[in-house]
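Inspection log for the structure reproduced underneath, given as structure tokens.
Within every chain, numbering begins at 1; the chains are lettered A, B, ... in the order of the sequence lines, protein sequences first and strands thereafter.
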Amino acid sequence: MEFQPTISEPQWQQQWNEAKIFSTEMDESKPKFYCLEMYPYPSGRMHMGHVRNYSIGDAVARYKRAMGFNVLYPMGFDSFGMPAENAAIAEGGHPRDITERNMTSITEQIKRMGFSYDWNRMLKSHGPEYYRWNQWVFKRFLEKGLAYREHAPVNWCTDCATVLANEQVKNGRCWRCRSEVTQKDMSQWFLRITDYGDELLSGLEEIDFPLNVKSLQQDWIGRSEGAEISFGIDSMPDEEIKVFTTRPDTLYGATFVTLAPEHRLCEKLVKGSHYEADWKELRDEVVRMSDFDREKVLKEKKGVFLGQYAIHPLTGKQVPIWAGNFVIASYGTGAVMAVPAHDQRDFEFANRYDIPIKKVLLASIDEDAEAEIKKAYTGLGTMVNSGEFDGTFGEDAKRVIIDALESKKKGKGTIQWKLRPWLISRQRYWGTPIPIIHCDECGPVPVPDEQLPVELPDDISFSGQGNPLESSPTFCNVNCPTCDKPARRETDTMDTFVDSSWYFIRYSDVQNNLALFDKKKADYWMNVDFYCGGIEHAQMHLIYARFWTKALRDLGLSSANEPFQTLLCQGMVNAPAPWCDSCAVTLNVKHRGSPCPQCQGELSERSAKMSKSLGNTVSPEEMIERFGADTVRLFILFAAQPTAGMDWSDSGLQANHRQILQLVDMPETILGWSGSSSSIDAWLKARMKQRFAEWSQVMDSYDLRRAVEISHFEIIKDINWYQRRGGSNAELGRWLLEQWTHMLQAATPHLAEDWWQQLGGSDLLASRVFKGPGLLSAEDQRAIDDEMYLRIVLDEARERKQLAMRHLEVAPKNLIIQTTEAWKMDLAISGVSFQLDGGDVKKFSKVIETKPYAQGEMRGEVIKLWRKRMLPMVFKWSDIHKALLLNGLDESGVINSAAGFLAAELEVESVECSQAGESSAAFPLKPSVLYQ
RNA sequence: GCGGGGAUUGCCAAGCUUGGUCAAAGGCGCUGGGUUUAGGUCCCAGUACAUACUGUUUCGCAGGUUCGAAUCCUGCUCCCCGCACCA
């Protein structure tokens, strides 16, 4: 059959579309399955990362559909965001036009892959019908106090001309443009994601996310238990210094207190003293420094004495107050108690400034409490030098100190979070306008619900200067909803991560114009059963979405606790790129063949993430054009496990294309079978049941690579074997194809439809529910076992033949097979059943002694055989092998009934098989073989 | 520094959770045979070393547990990825 995927694939896509088989509605009578991929940002072209992501999701969706689930599988676009706005600034035009143009072209490419989306549910974040609900929810958050405005130091990216959330600052740089982030004081809108810290953490236990993602989220949430402790100030009875520590057990070792240089008390403490100038210098240095510089410069601990003393809350003793550059103003209370003996940073600091070091924890009882220390001991220990608490250990030690503090009202046990409120303001145009009007009289006033959405205006100039929204008088100048006096509209827009924080629920009821979604529908579909996307969203999108879902639940809008039940992070798509070993740098493909531009050394090749900058990208469109979508899909699924990095390889793609071509011819071959039933039929049928059972099991665990291996590779081998064994049953062949085509469609749906058509299917395969070939019966298993035994014998005989040829003058004519002696078989059966009954194999020699054949001079031989060969085999034999033995496999019978086949395979004239006599080399399941 | 994940036979990559179906799947590559007008596809076989009877050395390195370890334990080396003066 001629295979022209560029023609046939779009035809099937059109038919699917016309039959509307992928559009779903709520249906309580069926089990639901919600399959979702992270919706893409509409850049102009589809790249291999997209193709991989969606090939995985589509295989799952199609599988679940075939298994009778009501599958929701939508697609949409994360279409707000800076690239479009930046393009508008650079090239002119409007972000909306650019975005929609891009969406059109990427949609077309996605459709060419034949993914089974319900396009009726298409969603775009930049549509007012979507973002009005961002505004609506924002208002509800505001009412609940979950959203608020605050004047605070925030992260500012100069290049992007906007503020950023904490999660969007990576190593002091902007996550998007990688330029430096500075601190700036601004009034901004925040969401109290921190209210959900505990639940975000504990919820991780009830969802199936990869370990590394869970660990990333735990790190990010950063819960640490400890105590807040108040130190008095000697000269200021009304003030106190609150510090946070995770180690209250070291409190007696606190020999000083360190404040962040920006701490509000610093100035008060030094005012007018001769310490003031030094402090100012330190503070200015720290404030000036961006986080990025900090990382480099702050290897060195630096501080100034502030000239004042704090009062230790338990001992009442005076300890000096310092300001230190390593204390972060925004974490904890911005002040720490310094315990040099048990904290490495404090230790270095104390050494440098000659502050006393006092050991208060002992790692072991015999340690000298007064000995000089060279390094801080940071583990748990037994308290010493701690007054009445001496001798208390570890967690108890923490507890008793906290109790003591609480009874004296000098502190309390608390929990600190690294998680900060989510800063959602952005000083950019292409996002959801924050629905607020600022009135001089009334302050910030929410836009009334009936006036939503607040739409983005079109009279904007994209100059690249300032927030574009400020250039629109029609947008900015409004009257106050409360007092009707002239007021000014908020020009901040929302972080685009807001859009992606709930789009998955919106899909459940995407066309609803009266509410963000209908609760019944949301509750039917949520949560997402299978979510697939890149690891890069592990701590932004995936945390925000979890928070938002919980917040919507608490507003009574839905019941879902968690948005995503199972998360699969697909690996990168890599391709070779030039690599310089001595410079340890990956280079653009244009350097291929020339020396390293830096060291002039020779370049080798290394696998690297496909990227524009390296130029090692492969165009999906080109590959689809050359090989068809099914080949690309098969290759992508087969080249690596979904979670592993995958190396693009042209030869691999071609190999998979050959595989497709082979499959294309299968129906013709099999439908050409003209024979009737034969003894091997039972085997093939059994084998098909076995293959299906394993296939569905691995599909359920999303091991798509293994699934494809079975459906697209191993079944072909089975058919080859069936034909070798003389099978050609026409009826069975048709049955087999009918089963098989369902398994093919998960990865290669177009090919499967081709098959279905050839089989005379009048409907679309994709619309059918697949019941499977049935369960594996005992007889089925037996058929498989017998054939497996034959295969063992054949392989063994073939190997022996090669060796025999070295010793024979002419090609061998006769093959003489001897199956094992009765006594060895008996020994094997006894050994296996002894082991299966849980007997201690070391004691099996007792059993041997009772055997009639182990008496007299045979005894030594039997014991030796047992120890050396039989014992290992008793454990080595698979369950299948063991069953063969225990069920009384007739070795000679199986061989003799296939003698003709063996003779033909091994190219000999005759095959004789008999059971061996007293002493031979034959062994159970391993007959001896002799060529003549 | 903290946390997470790795290191498998020419390459890619299974298996290791529940030690024995492991000389270790599958793909690629390579070799030989068949098919074919030829190339290609396809089919069969081989691909650690040895060997007409089943042996030797292998799963990052070094030990240990066991009748038995790629799989469990201990230590070490190297690689990747997050977070990072977070108190």
Side-chain angles (χ1 to χ4, degrees), chain A residues 170-171 210-220 222 224 226 243-247 250 258 294-295 298-301 324-328 330-339 342-346 348-349 378 416-418 535 538-539 607 635 638-641 643-647 649 651-652 654-659 661-662 665 669 703 705-706 708-710 713-714 716-717 720 723-724 788 795-796 798-808 812 835 840-842 844 867 869 871-882 905 920-923 926-931:
Chain A
K170 304 280 167 196
N171 287 327
L211 280 178
N212 57 335
V213 174
K214 287 193 181 185
S215 146
L216 279 168
Q217 296 215 350
Q218 280 160 1
D219 279 357
W220 192 262
S224 53
V243 303
F244 174 74
T245 179
T246 53
R247 297 299 302 274
T250 64
T258 318
R294 264 194 135 145
E295 196 188 343
L298 287 185
K299 299 287 174 217
E300 189 188 3
K301 317 248 174 308
N325 63 353
F326 62 92
V327 180
I328 301 168
S330 56
Y331 183 77
T333 58
V336 297
M337 66 177 200
V339 186
H342 304 290
D343 182 288
Q344 189 59 24
R345 285 157 309 177
D346 296 342
E348 287 167 27
F349 196 88
T378 56
Q416 271 298 325
W417 302 89
K418 208 177 85 171
I535 182 78
Q539 77 266 52
S607 183
F635 171 64
F638 187 64
Q641 278 202 326
T643 52
M646 161 194 154
D647 292 326
S649 117
S651 65
Q654 276 158 21
N656 284 114
H657 188 237
R658 288 199 301 267
Q659 198 70 24
L661 291 175
Q662 211 183 131
D665 289 336
T669 308
D703 184 355
R705 183 177 191 278
R706 176 72 194 130
V708 162
E709 201 171 354
I710 295 167
F713 291 80
E714 292 187 342
I716 295 181
K717 294 185 183 193
N720 288 336
Q723 290 180 287
R724 270 170 84 184
M788 187 183 177
D795 287 348
E796 173 73 11
R798 198 195 314 277
E799 191 189 336
R800 280 269 89 79
K801 189 183 175 192
Q802 286 197 331
L803 296 172
M805 299 278 267
R806 299 182 197 175
H807 298 260
L808 296 172
Q835 183 251 343
D840 179 356
V841 290
K842 277 182 258 179
F844 189 67
R867 284 235 193 96
R869 290 191 60 198
L871 177 61
M873 290 311 293
V874 162
F875 288 100
K876 256 188 171 178
W877 279 318
S878 69
D879 291 344
I880 295 169
H881 285 115
K882 286 175 185 168
E905 284 285 320
S920 78
F923 198 75
K926 204 141 197 188
S928 82
V929 170
L930 184 74
Y931 286 89

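The partner of B/G20, taking Watson-Crick or G-U wobble pairs whose two distances both stay under 3.5 Å, is B/C67. B/G3: Watson-Crick or G-U partner is B/C81, with both key distances under 3.5 Å. B/U31 is paired with B/A45 under the criterion used here, namely a Watson-Crick or G-U wobble arrangement in which both key atom distances are under 3.5 Å. Pair assignment for B/U51: none, as no Watson-Crick or G-U wobble contacts are both less than 3.5 Å. With a cut-off of 3.5 Å on both pairing distances, the Watson-Crick or G-U wobble partner of B/A62 is B/U74. Nucleotide B/U37 forms no Watson-Crick or G-U wobble pair with any nucleotide shown, as no partner meets the under 3.5 Å limit on both distances.
Proximity of a side-chain donor or acceptor of A/T669 to a complementary backbone N or O of A/D665 within less than 3.5 Å is detected.
Nucleotide B/C83 holds its P atom 11 Å from the CD1 atom of A/I535, rounded to whole Å. Following rounding to the nearest Å, A/M646 (CE) and B/G27 (C1') show an atom-to-atom distance of 13 Å. What separates CZ of A/F713 from C1' of B/A13 is a distance of 13 Å, to the nearest Å. Here the P atom of nucleotide B/C86 and the CD atom of A/Q344 are 12 Å apart, to the nearest Å. In this entry the distance linking CZ of A/R706 with P of B/C12 reads 21 Å, nearest Å. Between the CG atom of A/D703 and the P atom of B/G26 there is a distance of 16 Å, given to the nearest Å. Rounded to whole angstrom, the span from the CD atom of A/E348 across to the C1' atom of B/A87 amounts to 14 Å. Atom CD of A/Q416 and atom P of B/C86 are 13 Å apart (whole Å).
Taking the nucleotide of RNA chain B with the nearest heavy atom to each of A/A639 and A/A335, the more 5' of the two is matched to A/A639. Across the interface with RNA chain B, nearest-nucleotide mapping of A/R705 and A/G334 shows A/R705 to be the residue nearer the 5′ end.
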Legend entry - Step-by-step side-chain contact (heavy atoms from CB on, under 4.5 Å) determination, A/T246 to A/Q416: CA-CA 9 Å; A/T246 53; A/Q416 271 298 325; over 6 Å; no
Inset, instruction - Apply side-chain contact (heavy atoms from CB on, under 4.5 Å) to A/M646 and A/Q641, showing your working. - result: CA-CA 8 Å; A/M646 161 194 154; A/Q641 278 202 326; over 6 Å; no
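Here A/R658 pairs with A/A655 under the side-chain contact (heavy atoms from CB on, under 4.5 Å) rule; sequence neighbours left out. Residues passing the side-chain hydrogen bond (donor to acceptor under 3.5 Å, both in side chains) test with A/T378: none are found, sequence neighbours excluded. The side-chain contact (heavy atoms from CB on, under 4.5 Å) test applied to A/L661 returns A/F3, A/H657, not counting sequence neighbours. With sequence neighbours left out, A/V336 forms a side-chain contact (heavy atoms from CB on, under 4.5 Å) with A/T258, A/V327.
Contacts of A/V929 with the nucleic acid, taken as non-hydrogen atoms under 4.0 Å apart, include base atoms. Among the heavy atoms of the strands lying under 4.0 Å from A/L930 is at least one base atom, whether or not backbone atoms are also near.
Going from the C1' atom of B/U71 to that of B/G60 covers 15 Å, rounded to whole Å. Annotation: B/U41 and B/A50 have their C1' atoms spaced 37 Å apart (nearest Å). When the C1' atom is used for both B/U9 and B/A25, the distance is 13 Å, rounded to whole Å. Comparing the same atom, P, in B/C43 and in B/C49 gives a spacing of 26 Å after rounding to whole Å. Atom name P, nucleotides B/U56 and B/A69: the rounded distance is 13 Å, in whole Å. Atom P of B/A62 sits at a distance of 23 Å from the matching atom of B/C80, rounded to the whole Å. Only the P atoms considered, B/G19 is 11 Å distant from B/C73, to the nearest whole Å. Between B/G20 and B/G3, the two P atoms lie 31 Å apart (nearest whole Å).
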Atom pairs under 3.5 Å: protein N/O with N/O of nucleotides 1-5 of chain B:
| residue | atom | partner | partner atom | Å |
| --- | --- | --- | --- | --- |
| B/G3 | O2' | A/S215 | OG | 3.4 |

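Between A/Q641 and the phosphate of B/A13, there is no side-chain N or O to OP1/OP2 separation shorter than 4.0 Å. Contact between the side-chain N/O atoms of A/Y931 and the OP1/OP2 oxygens of B/A52 is not found at any separation under 4.0 Å.
Using a 30° and 60° split on the angle between ring planes, A/F713 and A/F638 fall in the parallel class, below 30°.
With a 4.5 Å cut-off on side-chain heavy atoms, A/Q659 and A/I716 count as touching. Between A/Y331 and A/S224, the closest side-chain pair of non-hydrogen atoms falls below 4.5 Å.
Comparing B/C85, B/G26, B/C86 by their closest approach to the side chain of A/K418 singles out B/C86.
Using a cutoff of 4.0 Å between basic side-chain nitrogens and carboxylate oxygens, A/E709 and A/R706 are scored as salt-bridged.
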Legend entry - Under 4.0 Å protein heavy-atom contacts per nucleotide of nucleotides 41-51 of chain B, with B for base, S for backbone only and - for none: SSSSS-----B
